[in-house]
Participant: 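My structure is below; once you've seen it, I'll send some questions.
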Amino acid sequence: MNEPSPSHSQDATVFLQIDNLTKKFGTFTALDKVSLDVYQGELICFLGPSGCGKTTFLRAIAGLDIQTSGTVIQAGEDISALPPSERDFGIVFQSYALFPNLTVEKNISFGLENEKTSRSDINHRVQELLEMVGLSDQGKKFPTQLSGGQQQRIALARALATSPGLLLLDEPLSALDAKVRGYLRHEMKALQRSLGVTTVMVTHDQEEALTMADRIVVMNDGVIEQVGTPTEIYREPGTLFVADFIGAMNQINGRTTGSNQVVVGETTFTTQKHDLEANIPVVVAIRPEDIVPVEEGESSPEDNILDMTVEDMEFLGSFWRVSMSNPLLGKALLNADMSVNAIQRLHIDIRTTITVELPVDRLCVFLAENE
Amino acid sequence: MSHTTTLPDTDTAPLIRPKTSRDDKIKAVFMAVIGLYLVITLALPLYAMLSKSFSTYSFDLSNFEFQVYKIDSWSEPVTALSLNQKLNVVTPAELSTSSDGRLGVTAFFPDFSFRSITRYKIRQINLDSSFLVGSERIADTEWHEFSSNDFRRVVLRPSSSTGLDNYKIYFSTPSLFKSIENSLFIAFVVMIITVSMAFGFAYALNRSTMRFKGVFRLIAMAPILVPSLLPGIALVYLFGNQGMIKGLLMGQSIYGPIGIIIGSIFFTFPHALIIISTALSISDGRLYEAAISLRASRWKTFWTVTIPAARYGLFSAAFVVFNLVITDFGLPKVIGGQYNMLAVDIYKQVIGQQNFEMGAVVSVVLLLPAMFAFSIDRYVQKKQVAQLSAQSVPYEPKPHKRFDLICLFYSLLVAVFIMGLIGVCQYAALIKFWPYDLSLGLSNYNFEVMDGGGWGSYFNSIKLAFFTAIAGTLMVFIGAYMVEKTNGLTTARSAFQFLAMMPMAVPGMVLGLAYIFFFNNPANPLNSIYATMGILVICTVTHFYTVSHLTAVTALKQMDREFESVASSLKQPFYKLLFKVTFPVCLPATLDISIYLFVNAMTTVSAVIFLYSPDTTLASIAVLNMDDAGDVAPAAAMGMMIFYTNVAARLIHIFITRKLMIKTQAWRVR
Ligand SMILES: Nc1ncnc2c1ncn2[C@@H]1O[C@H](COP(=O)(O)OP(=O)(O)O)[C@@H](O)[C@H]1O
Ligand SMILES: [Mg+2]
């Protein structure tokens, strides 16, 4: 494991160490030898399309569906075979699983009740938790009398009641509407940061992962594709899958010629260094916002300059997405995101021609998936 | 870029053996205990019955040898077989017997006289059989010497063997196997009529805007509250030899297929209605809108939308009705006359002729169609569940004057049929002496002067119903909880599910007889519960286990699967969750189960008919016995007692459920 320590201000002790985890359901392999280190205090997101094994991974960490093989070490202790009741975690499910016949207070105190804790201590802690999630005045209500967002926060308070060392969240926001979701993202992130509780969150929503996570684990088909900070994942996708799954990406088929050259159609692009041998089928990828219009009079760079015909334009609020073609590229269309400003200044319209640059350091090269 | 390391492909990664949590251990123990209960009260008795049906008993004459002391010496040993070959005193037919058979030995000695001084010796050649001297059993292979006076008390006992002989006898006795045809015929006819009738009724309830739907629903459920033999009594009063409207039958006798068919329609009707009504109410309203927008006629819509959507419900109802009829005992007993049905044959063989082996054979014969109908029903029900889509929109009927009127008229007819039969019974119970003294009174309720156990039977039934409801509900709920909410143990859980489904496939008569074989065996350590209230409770709980179990499982399935996960992550034991959350939330379903068990314990006849003792006579059985003894009016009165009790129980149930719903509506969704 040569993980870079997270780029922000956490100490880099490994809290959760997962090694070669495999989970099989009968003959179907839902998780295939995944390994991952989670650092103390960070919020790490499992991101991937539905069915890729995120929940399976989370449930293995919780001990709810113990893995077929592989180890999980939490805070130095090997917990691989332990049942959930002997592990140290709090969990929030997509459904919240709030007890419908218990009041909010009783829901939160459910995990606090034991012989050692006095009633008044429990009440005190419940109030503290309710304040923490901003619902002090809702304690006497039943879950069904609360909004979805409020229910979610109660579930969070219940999970945090016993101050677990690890917080597990399975799609905690996916049942909410977009507006509440946006608000709760910040709330939860702030809460997590202030408590400093190590958190693993599952989501299929890339925006959620990008805004909340300290690090993102991109998963596909039971394996981990890439682990990195949101910026790393976005700027330097490690695989074609990651590039495709996160954000928009132009993809053009080509063949390598040199260590940083790819032939596409009847032209050659200079790209990031790719260390591939010559004449290998590859995909050249660039994000729409990285394609830059070259303005007249600017000193034009040497590489990757193309004259493109605008085929279509789509207004997306804060910018325009411009579809462009060039006979040299064959039938391939390139999408570029351009500010409203640039559109006006350069008089870009359908059927006009513009000159664009595909910056060398933004052109990624991936092996073409053999089919 | 990828930060993950993948080791080279090896399949040698050690498998994790999950440590079992304390909770899971406790749950496994509970599941094992209830599973064991089902094995002991169902699987083992059935096995005992099955082996009984294959055991045959015959006197093995070659195994017995005699010597006679004449003048001054013992004669050469001679087998009973060779004596019989000479004398032909025992015919081959007399040699095959039942487990109880006894054969005297003196017939083999034509000059035998108990006053003579001749002495006799007898012995067995091998240990396969035995003989009795008075009541003393001798099973060794020694010679035993007797005076003439003692020798006449010697009887041979049969030796047992395993084989198909009982079945051969069954299928070569026309009076026996004719019952198969009769039972299938009646079940089939009733199936067709009841399903059509119930479909019409359900259609009126779901698709029209007629008035009094609530009343009709209530009336249609009434037959569930009475024993199946009650309509038989009503039919006797209506069409019997001195029947009120006997002329309507135009010379046909009500005792026989006609009576059985009419009575069976009565008691199977609510069962079919529930199933078909559910199937109709869940069908998708959008299909009807589509049909209307296509300007399809009512008739065409009916055949292209309604029937296909309800088809699984119709199939399921058909098989349930078939099963109810073919396994019912009370009704054909009361009104069947000379028309033999399988379930009654079991009774006749066992109680009438004490031929337990043949009773077991008939049970096996009855088990086959019952199990067949049951498995088809399960299969069809699974399909229906899959058919239900989440986006279905319920159908909203619109007023349609003529159609609503037809529906009202039809429902009225059915209601009159049902309430009519119950009403006749009530009338019969109140009339002093039909048809001579028509004044009304309560003399028929004076059960103490009749056969059947008097009022004691009634209170025994109440006791049985209470115990069954309480013990059964507890056991069913706990069993269902363990099987639904335990992690892992997949094999054990499917085994439990299978056991829980089995009782439904076993007819009551078969279960009762199997209990005799199993529990009345002196070698069985559980023998002491035989002839107690305990065995009646156990038998009734087991008999009605499946429907209760399915109700509990359905309720539990609606609970979030993750409650247990949350509780264990909070390190709280599962029973805290069970008491604080699961049980309170499932309370309405639990009440449903207990009322179901109560009502059925009040009305059941078939299984307990073999198991009651003079101390534990039951009301439902008193109805049967009083009817048998010719006290038809008191039988009707006792039947009505059962009806009042069940009505009261239902009212209390409705009342409690209402209260509960009001009290908990703060948190119940919808
Ligand atoms: N209990 C199970 N039995 C069989 N297959 C399962 C089970 N749970 C999950 N799977 C399969 O494992 C794969 C991953 O599921 P899951 O982890 O729930 O995906 P995600 O949470 O990423 O959407 C899916 O193909 C799913 O069908
Ligand atoms: Mg999931």
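Throughout, a chain's letter reflects where its sequence line sits, starting with A, and its residues are numbered from 1.
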Participant: Hey, is the main chain of A/Pro84 close enough, under 3.5 Å, to the side chain of B/Lys571 for a donor-acceptor pair?
Facilitator: no
Participant: Hey, which of B/Ser568, B/Pro573, B/Ala567 has the most heavy atom pairs under 4.5 Å with chain A?
Facilitator: B/Ser568
Participant: Assess whether atom CZ of A/Phe25 is packed by more than 12 heavy atoms of other residues, nucleotides or ligands within 6.0 Å.
Facilitator: yes
Participant: For the OH atom on A/Tyr234, are there more than 12 heavy atoms of other groups (residues, nucleotides or ligands in this structure) within a distance under 6.0 Å?
Facilitator: yes
Participant: Checking A/Phe99 against B/Val585 for the side-chain contact (heavy atoms from CB on, under 4.5 Å) test, could you report, in this order, the C-alpha distance in whole Å, the side-chain angles of both residues, the deciding distance, and whether it holds?
Facilitator: CA-CA 9 Å; A/Phe99 307 133; B/Val585 173; over 6 Å; no
Participant: Check whether more than 12 heavy atoms from other residues, nucleotides or ligands sit under 6.0 Å from atom NZ of A/Lys106, and answer yes or no.
Facilitator: no
Participant: When only pairs under 4.5 Å are counted, which of A/Ala159, A/Ala155, A/Gly70, A/Gly63 shares the most heavy-atom pairs with chain B?
Facilitator: A/Gly70
Participant: I would like to know whether A/Phe110 and B/Val566 meet side-chain contact (heavy atoms from CB on, under 4.5 Å); could you show each step before the answer?
Facilitator: CA-CA 10 Å; A/Phe110 191 87; B/Val566 168; 5.8 Å; no
Participant: Under a 4.5 Å cut-off applied to non-hydrogen side-chain atoms, are A/Thr68 and B/Ile16 in contact?
Facilitator: no
Participant: Please classify the contact between A/Leu98 and chain B as side chain, backbone, both or neither, with a heavy-atom cut-off of under 4.5 Å.
Facilitator: backbone
Participant: Is the count of non-hydrogen atoms from other residues, nucleotides or ligands lying under 6.0 Å from B/Phe466 atom CZ greater than 12?
Facilitator: no
Participant: Heavy-atom distance under 4.5 Å to chain A: side chain of B/Gln572, backbone, both or neither?
Facilitator: side chain
Participant: With only heavy atoms counted, which part of A/Phe93 is less than 4.5 Å from chain B, the side chain, the backbone, both or neither?
Facilitator: side chain
Participant: Highest number of heavy-atom pairs under 4.5 Å with chain A: which of B/Met559, B/Arg17, B/Lys19?
Facilitator: B/Lys19
Participant: Does a side-chain heavy-atom distance below 4.5 Å link B/Asp24 with A/Pro83?
Facilitator: no
Participant: Heavy-atom distance under 4.5 Å between the side chains of A/Pro100 and B/Phe563, does that happen here?
Facilitator: yes
Participant: Supply the atom-to-atom distance B/Leu570 CG to A/Asn114 CG, rounded to the nearest 0.5 angstrom.
Facilitator: 11.5 Å
Participant: Under a 4.5 Å heavy-atom cut-off, does chain B meet the side chain of A/Gln67, its backbone, both or neither?
Facilitator: both
Participant: Just say parallel, tilted or perpendicular for the rings of B/Trp667 and A/Phe142, cut-offs at 30° and 60°.
Facilitator: tilted
Participant: Looking at every non-hydrogen atom in both residues, tell me the closest pair between B/Pro14 and A/Ser69 and how far apart they are.
Facilitator: O-CB, 3.2 Å
Participant: Which region of A/Ser80, side chain (C-beta onward) or backbone (N, CA, C, O), has a non-hydrogen atom less than 4.5 Å from a non-hydrogen atom of chain B, or is it both or neither?
Facilitator: both
Participant: Using modelled atom types only, decide if a donor and an acceptor are shared between the side chain of A/Asn101 and the backbone of B/Lys580 within a distance under 3.5 Å.
Facilitator: yes
Participant: For atom CG of A/Asp88, is the number of surrounding heavy atoms from other residues, nucleotides or ligands below 6.0 Å larger than 12?
Facilitator: yes
Participant: Hey, is B/Glu562 close enough to A/Arg59 for a salt bridge, meaning N to O under 4.0 Å?
Facilitator: yes
Participant: Using non-hydrogen atoms and a 4.5 Å limit, figure out which bit of B/Ser565 sits close to chain A: side chain, backbone, both or neither.
Facilitator: both
Participant: Can you tell me how far CG of A/Leu64 sits from OG of B/Ser569, rounded to the nearest 0.5 angstrom?
Facilitator: 7.5 Å
